[in-house]
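Lettering follows sequence order; numbering is per chain, from 1.
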Protein chains: 2
Amino acid sequence: MTKLSLTEENYLKAIYFIGGTSNQLVNTNAIAERLNTKAATVTDMLRKLKQKDLIEYQPYKGTRLKLEGKVQAIGILRKHRLWETFLVEKLAFGWEEVHEMAEQLEHIQSAELTERLSAFLGFPEFDPHGDPIPNKEGVFPRRDNVTLDRVSPDTAVMVQGVKDSSTEFLNYIAKLGIQLGDHIAVKSVEEFDRSLVVEHKNQQYRLSALAAANLYIKEL
Amino acid sequence: MTKLSLTEENYLKAIYFIGGTSNQLVNTNAIAERLNTKAATVTDMLRKLKQKDLIEYQPYKGTRLKLEGKVQAIGILRKHRLWETFLVEKLAFGWEEVHEMAEQLEHIQSAELTERLSAFLGFPEFDPHGDPIPNKEGVFPRRDNVTLDRVSPDTAVMVQGVKDSSTEFLNYIAKLGIQLGDHIAVKSVEEFDRSLVVEHKNQQYRLSALAAANLYIKEL
DNA sequence: ATATAAATTTAGGCAAATCTAAAAATGATT
DNA sequence: AATCATTTTTAGATTTGCCTAAATTTATAT
């Protein structure tokens, strides 16, 4: 349980996200790209993290998190999503504005603070983007993984989360006025490009299949 | 308005506190001691901060903050005290527990976050230790600087703050159950050592002159 | 299968923040 | 005023995280 540097934490997080839930082998270049750094720099850090026994790493082969590395990564993710929830629910930020701040706040070291923050927020299970918040044991809550492109015409749904949380997508749906919890009715689906006509807040408009595939929903 | 490193921020804060409100010249050694570092290290940083025009510094003479350095230091202090207020009032930490966490939180960069936090807390003017929180222009609220050792016998007062916020003192008054806002009645003052007998929460006990001198109060 | 391309690592360096040891300046004392 | 003690600075290293350029390994494609 050595205390990690901010940089080390960011590397673990990057490996966690690229590796996905199945903990795939991760390429050096992928990490470099995600962290806006150079492959040579990543190699240095991988050697260091391996030496700390946080990752598996074989030169030229790739890397994956070991148990302790994963625990750390999930811990950081937990803090990130709790702080995002705080920023949106208590400080009234828009859900597209909070990522930067949460990137800083997630590195605050105090287990007690994290747990009290969670309690203060009412032990939330999903953050403002609809992403699941692992509990302090690192266990994720379950959620239906249905996206808007999967539903049939004439279905009413509620928006539960976004799959793609890039600024571009968040801005796009902010422009449409879509928020978590909003109700959307799918009117029709275009055969040609799978785009859909939806009714939302008394307005009808068209959504591309790509946009729809990035909205997690619950059928009503 | 160059963004400062965490370390640079800590140096400015140290100079601010040692220099006091009158912005006295500060010795290299005093800074080293406060930051648990070595004088040589401090010299390096002073050269750097001077080069950034944040401080006045003449080798062997000492240093003091320039306007921009002071603005930065007060900005950090504002964040520190707002976060402390948050931790105590919203997360129910004891006021002796929060310093460490606030030391980390004070470096979070986002003016918007700071202002929203202040609003969320109801624009507090004093933190849980009773210390004044500068507003976003850097102006401190005024407060009576009366300490408990200054009042005459048979006076009722309210605790407004602590002058010495060392862990030792905070623990001591926590043990006595003294909290901000508490009412205390001074029963008598001992000629010999200026110690006082006080009534507090239906109990009578004796406080040393030293302890009393570290409690800011308001007469009722 | 061999050449070429792509990915990765190694080598050598740089900047920030730190340290120890030695040198220099300041201040205090007789 | 000369000496001694203290404070401060300089010099030279170290660690962390990063870089570029060159070398090496792996993958791809004729």
Asn10(B) and His107(B): side-chain hydrogen bond (donor to acceptor under 3.5 Å, both in side chains), yes or no, with the steps? CA-CA 9 Å; Asn10(B) 283 334; His107(B) 300 291; 3.1 Å; yes
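OP1 or OP2 of dT6(D) has not a single side-chain nitrogen or oxygen of Asn29(B) nearer than 4.0 Å. Between Tyr57(A) and dT9(C), a side-chain N or O to OP1/OP2 separation shorter than 4.0 Å is present. For dT16(D), the OP1/OP2 oxygens have no side-chain nitrogen or oxygen of Ser5(A) closer than 4.0 Å. Between Asn27(B) and dT8(D) there is a side-chain N or O to OP1 or OP2 distance below 4.0 Å. Side-chain nitrogen and oxygen atoms of Lys38(B) include none within less than 4.0 Å of the OP1 or OP2 phosphate oxygen of dT18(C). Regarding contacts with the backbone of dT18(C), a side-chain N or O of Tyr11(B) is found under 4.0 angstrom from either OP1 or OP2. Proximity of Arg47(A) to the phosphate of dT9(C): no side-chain N or O atom is located under 4.0 Å from OP1 or OP2.
For the pair Leu6(A) CG and dT16(D) P, the computed distance is 15 Å after rounding to whole Å. Tyr60(A) has its OH atom 9 Å from the C1' atom of dA7(C), to the nearest Å. Atom P of nucleotide dT8(D) and atom CG of Asp44(B) are separated by 15 Å, given to the nearest angstrom. We find that NZ of Lys61(B) is positioned 11 Å from C1' of dG27(C), with the value rounded to whole Å. Between Leu35(B) atom CG and dC19(C) atom P there is a gap of 10 Å when expressed in whole angstrom units. Remark: C1' of dT16(D) and NZ of Lys3(A) are 16 Å apart, rounded to the nearest angstrom. Going from atom CD1 of Ile31(B) over to atom P of dT9(D) covers 9 Å, rounded to whole Å. If you measure from atom CD of Glu33(B) to atom P of dT6(D), you get 15 Å, rounded to the nearest angstrom.
Using cut-offs of 30° and 60° for the angle between ring planes, the Phe120(A) and Phe86(B) rings count as perpendicular. Aromatic ring pairs are classed by plane angle as parallel below 30°, tilted from 30° to 60° and perpendicular above 60°; the pair Phe169(B) and Tyr172(B) is tilted.
With Glu106(B) as reference, Lys13(B) is the one residue of Arg81(B), Arg78(B), Lys13(B) to meet the salt bridge (Lys or Arg N to Asp or Glu O under 4.0 Å) rule.
When each of Ala39(A) and Leu46(B) is assigned the nucleotide of DNA chain D bearing its nearest heavy atom, the one mapping closer to the 5' terminus is Leu46(B).
Using a 4.0 Å heavy-atom distance criterion, Thr28(A) is classed as a sugar-phosphate-only contact. Thr7(B) comes within contact range of the sugar-phosphate backbone alone, with a heavy-atom separation under 4.0 Å but no base atom that close. Contact annotation for Thr43(B): base contact, defined as any heavy-atom pair under 4.0 Å involving a base atom.
Remark: the backbone N or O of Leu91(B) is paired with a side-chain donor or acceptor of Arg116(A) at under 3.5 angstrom.
Between dT9(C), dC19(D), dC19(C), one nucleotide has an atom nearer to the side chain of Thr41(B) than all others, and that is dC19(C).
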